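All figures in this text were calculated on a predicted structure; none of them were measured in a lab. All ligand and atom numbering here is 1-based and tracks the order in the structure.
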Amino acid sequence: MVTLTPRVLQADEVVEHLRTLRARQPVRYWAFYSSQLGGIVTDPALMVLPFDDHMVHRGHGVFDTAAIVDGKIYDLEAHLDRFVRSAGLSKLPLPCRREEMREIIALTAAASGKRDGSIRYWISSGPGSLGLPPAAGAEPGFFVMIFGGLAYPDRWYTDGLRVMTTTYPIKPPLYAVTKSTNYLPNILMQLEAQEAGLDNGVFVDDAGHVGESSNMNVAFVGADGVLRHPKFDHILSGCTSLRLLALARGLVGGMLRGVEVRDIPVVEARAAREMLLIGSSIKVAAIVEWDGRPIGDGRPGPMARALRELLERDMREAKDRLIDVPY
Ligand SMILES: Cc1ncc(COP(=O)(O)O)c(C=O)c1O
């Protein structure tokens, strides 16, 4: 709420106002580590960042998200690989060694007490000015949030999603492969779809090849039974897609005739038997309509379900990809 007659506040009044804000709008944030606060807080009112951190006012930050499944963290190394790569592409120094980041992530998860949820973590450029390059003496920030995860309607899984080709341009490859805090095109794409009464959008590149969705990858099962995924050179390399592509090779000779990663022209994609949305938050869901035209028979197909089940099993059983949370 905007205060029309603002006055200068004392520190305890600020905390009180932050608490009121959280009471008005309850959130499912369970624990937050901040290198700037110097530890972990569990009160959402205290999960704050200095306004002059360049991640806030210039978008100079990177992030990633991993899942806590049944008390274990799934596939953290793959997510950390991408996180470290994104930091490098963004010219953001790592706040500490990778092992230390992993340890802080696990300890924050433990402090949340939650056995299922999401972990999102960020590296920020740090505070100190309102300019563009990091401020003199700025230390990169490291933050870890344990939260309830993004929730999607059941209908997306039972009936499938309806999507549109977005009118917003796809990010140039460098920005698409970097998981930075600049999500404006992705946000605009989702809002545009919502305004059209649809569930999400799809980016298409200048060459007419399929890109990705707002915070998910897309893949197709061709009429020939081949699972096809766009190349990862102009889209985010989804950890879920990469893992599923590996797992799906086990279905070749059965439900699938092959697995391919290559450029996929839109005209070819529209003729697919199934179109899939894939990501850590959605896992796997079927797209049943794209730009007003049905995909396949217009109903969720068997591969969407089979891949979702493969992934769900992997998230619980892939011992080499699960890290214990030290509760
Ligand atoms: C733009 C974009 N593409 C794809 C994905 C899927 O990636 P992941 O499977 O690692 O969640 C995400 C999610 O982080 C994303 O933001």
For the 3.5 Å polar cut-off, considering only N or O atoms, please tell me whether [X] and ligand 1 meet it.
{"X": "R82", "result": "yes"}
{"X": "L236", "result": "no"}
{"X": "S241", "result": "no"}
{"X": "S213", "result": "no"}

**Request:** Look at the aromatic rings of F51 and H57 and report parallel, tilted or perpendicular, splitting at 30° and 60°.
**Result:** parallel

**Request:** Taking only Lys NZ, Arg NE, NH1 and NH2, and the carboxylate oxygens of Asp or Glu, determine whether E99 and R102 approach each other closer than 4.0 Å.
**Result:** no

**Asked** Do the charged groups of E103 and R98 touch, with an N to O distance under 4.0 Å?
**Response** no

**Request:** Scan side-chain atoms only and decide if N186 and K171 contain a donor-acceptor pair under the 3.5 Å cut-off.
**Result:** yes

**Message:** We want to know whether S237 and R85 form a side-chain donor-acceptor pair, criterion being a heavy-atom distance below 3.5 angstrom.
**Reply:** yes

**Message:** Within the 4.0 Å heavy-atom shell around H79, which atoms of ligand 1 are there?
**Reply:** 10 (O)

**Request:** Please identify which atoms of ligand 1 are closer than 4.0 Å to at least one heavy atom of G279.
**Result:** 9 (O), 11 (O)

**Prompt:** Does ligand 1 have any atom sitting under 4.0 Å from a heavy atom of S237?
**Reply:** no

**Prompt:** Hey, does M47 have a side-chain heavy atom less than 4.5 Å from the side chain of L37?
**Reply:** no

